[in-house]
Amino acid sequence: MQLYNTLTRHKEEFVPAGDEVTMYVCGLTVYDDMHIGHALGTITFEVLHRYLEWRGYKVKRIQNFTDVDDKIINRAQKEEISSEELSQSYIDAFFDDMAGLNVMLATEYPRATQSMDQIIAVIADLIEKGFAYESEGSVYFDVRKDKTYGELSHRSLDDMLQGTRFDPEPGKNYPADFALWKLSKDGEPAWESPWSDGRPGWHIECSAMAYEHLGKVIDIHGGGLDLVFPHHENEISQSKAFTSEDTFARFWMHNGMLRLSGEKMSKSIGNIVRVHDVLADHSSDAFRLWIYTSHYRSPLLYDQQGLDVAERAARRIRTAIVPRDATSDSTPLAAGEFEDRFIAAMDDDMNVPQAMAVVFDLVRDINRSADAGVDVVAAQDKLRELTSVLGLTLEELATEAGDLDESVIQGLLDQRAESRAQRDFAAADRIRDELQAMGVAITDSPDGTTWSRT
RNA sequence: GGCGACGUAGCCAAGUGGCCUAAGGCAGAGGUUUGCAAAACCUCCAUUCGGCGGUUCGAAUCCGCCCGUCGCCUCCA
């Protein structure tokens, strides 16, 4: 499988270093609801996980929660609850959204606050090795000690300093140095350390947790494109300093940003669409199919209509797995060619849009063959298999009809069948409209009438 | 200012030197089927890939310039 590696800016053949694929994905800072940009990134790496497993690899995927951070502290103070309560409530919400999106969970979800011993040990080691220094109760990483600093974002320290958005902190020896440990003010969450009662900087938790759960060198490190600099750059630097290895992650993968009205969807800009809101009137399949129209490294523009379009596309796939009777003796439809094409697409840097094109080609072939009476059972099984690799459920969106008494629907259907038998089509159509208004779509066929939720 | 990405049909979007007279989804047109629908199936729907030059036997794909959009440059998925 070829994967694009941000480090080398090329697609490279991916082979795990050991028996299982080790994957670390930067997760959320839990101070607010999850928005669909977070879902885009999460699903990108979840699909990679599903695909690698389907191809026979064992995968260990770790996704962290940043549950100590200035924004969490501020928000908790505003709501007059503890930081723990606040972050826990958003972690709970996160798992609700994961279930709603049919996301296969990661192997583990470590939290910064539960990895404090490990974080402090790494920082102490970095000081001992001379890569970090203490200053006024805080600890900073000395980026000038790392001659390869900038290798991921492909820029030199000089380039970075030209950015001029540096707000030099008094304790730093050098503006580009970053905090490993921060002294906490009164009333802020704090952990005991050799340097002060404080809390970890943002970057160190990922290195410490990756090391703790996956080892010194990991196969794949993932996250959003906006994390390349400084977050992942700093992770590489401090991790290499700590482990003395010449690399931290063999592959760095970054997904494109979700945009809303031209701008990146971001909590700080405030142009947010919550996962929860999208799932209120769209199936997870529709959300995924919408995402799957574009490649994971491309930016994606939020589009309400795009979700509606995807809903119809989802229905098209669901229709193709409805059981069909074979009435012909001809050879059953084989799906091997489609599977080969699916694999070829996915092996090319997870080209999910291409893989979806294959899926839709299979859908057409199933419908065509089934109409001709050909046995499509095996092909339908293959369709289910391939779509499940992409996390599709092929289940209908539960709507108000879900709360309806099915006997009521059946009663109306019986009435309509009676009307049709008497060729009173006006009455039959009235009942059909009535059902439609309830969210029930009906389909007549020679074998009778079936219904589904819309 | 520095680094980088993108611009393909009405919309979304794949394709990055010949298999492209360019996937797939949605929308649209005609047809089959149906009491009528819906769904499904068949046919059609970009001689063309932001613009202008260049390299090449050959370019949507490589190079240059221009126009437009976006990301990162210590909050960010």
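Keep in mind that what you see is a predicted model, and the values were worked out from it rather than measured. In the text below, chain A, chain B and the rest are named by the order of the sequence lines, each starting its count at 1.
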Query raised in the report: Are Asp433(A) and Arg430(A) within salt-bridge range, i.e. N to O under 4.0 Å?
Result: no
Query - Pair Arg75(A) + Glu79(A): basic N to acidic O under 4.0 Å - result: yes
Report task. Map Asp348(A) and Arg420(A) onto RNA chain B by nearest heavy atom, then report which one ends up closer to the 5' terminus. Result -> Asp348(A)
Query - Residue Ala357(A), side-chain atoms from C-beta onward, closest of A39(B), G24(B), U74(B) - result: G24(B)
Report task. Tell me what Leu227(A) touches on the nucleic acid: a base, only sugar-phosphate, or nothing, going by heavy atoms under 4.0 Å. Result -> sugar-phosphate
Query raised in the report: Does the G25(B) base have a donor-acceptor partner in the side chain of Asp361(A) within less than 3.5 Å?
Result: no
Query - Protein-nucleotide distance (Leu101(A), atom CG; A77(B), atom P), rounded to Å - result: 16 Å
Query raised in the report: What about Arg312(A): does its side chain form a donor-acceptor pair under 3.5 Å with the base of G24(B)?
Result: no
Requested in this report: Write down the distance separating the C1' atoms in C41(B) and U34(B), rounded off to the nearest Å.
Outcome: 14 Å
Requested in this report: Determine the Euclidean distance between corresponding P atoms of C42(B) and A23(B); express it in Å to zero decimal places.
Outcome: 16 Å
Query raised in the report: Does OP1 or OP2 of A37(B) have a side-chain N or O of Arg432(A) closer than 4.0 Å?
Result: no
Query raised in the report: Has the side chain of Ser294(A) got a donor or acceptor atom that lies under 3.5 Å from a matching backbone atom of Leu300(A)?
Result: no
Report task. Look at the aromatic rings of Phe65(A) and Tyr109(A) and report parallel, tilted or perpendicular, splitting at 30° and 60°. Result -> parallel
**Report entry** Integer angstrom distance from the P of A29(B) to that of A38(B)
**Finding:** 12 Å
Requested in this report: Answer yes or no: side-chain N or O of Asp303(A) and base N or O of C11(B) forming a donor-acceptor pair under 3.5 Å.
Outcome: no
Query raised in the report: Considering Watson-Crick and G-U wobble pairs with both distances under 3.5 Å, what does A40(B) pair with?
Result: U32(B)
Report task. Tell me which nucleotide among A77(B), A13(B), A37(B) gets nearest to the side chain of Asp444(A). Result -> A37(B)
Query raised in the report: Starting at NE2 of His295(A) and ending at P of C6(B), how long is that distance when rounded to a whole Å?
Result: 11 Å
Report task. Provide the distance between the two C1' atoms, one in G64(B) and one in U56(B), to the nearest whole Å. Result -> 16 Å
Query - C1' spacing across the pair A39(B) / U33(B), given as an integer number of angstrom - result: 11 Å
Query raised in the report: Are any of Lys264(A)'s side-chain N or O atoms less than 4.0 Å away from OP1 or OP2 of C72(B)?
Result: yes
Requested in this report: May I ask you to evaluate whether Trp202(A) reaches the phosphate of C76(B), defined as a side-chain N or O under 4.0 Å from OP1 or OP2?
Outcome: yes
Report task. Would you check if the side chain of His154(A) reaches a backbone N or O of Leu152(A) as a donor-acceptor pair within less than 3.5 Å? Result -> yes
Query raised in the report: Looking at Tyr302(A), does the NZ or CZ of Arg259(A) lie under 6.0 angstrom from its six-membered ring centre and within 45 degrees of the ring axis?
Result: no
Report task. Take atom CG of Leu300(A) and atom P of C6(B), then tell me their distance rounded to the nearest Å. Result -> 16 Å
Query raised in the report: Would you say a side-chain N or O of Arg316(A) is under 4.0 Å from OP1 or OP2 of G24(B)?
Result: no
Requested in this report: Could you tell me whether the phosphate oxygens of C42(B), OP1 or OP2, come under 4.0 Å of any side-chain nitrogen or oxygen in Arg364(A)?
Outcome: yes
Query - Nearest-nucleotide 5' precedence on RNA chain B, Gln305(A) against Arg297(A) - result: Arg297(A)
Requested in this report: Would you please confirm or rule out a distance under 4.0 Å between OP1 or OP2 of A39(B) and any side-chain N or O of Asn367(A)?
Outcome: no
Query raised in the report: Does A14(B) have OP1 or OP2 sitting under 4.0 Å from an N or O in the side chain of Ser298(A)?
Result: yes
Query raised in the report: Taking only N and O in the side chain of Arg155(A), is any of them less than 4.0 Å away from OP1 or OP2 of C72(B)?
Result: no
Query - Centroid distance under 5.5 Å and plane angle under 30°, Phe425(A) vs G35(B) - result: yes
Query raised in the report: Mind checking the P distance from C26(B) to G4(B)? Whole angstroms is fine.
Result: 39 Å
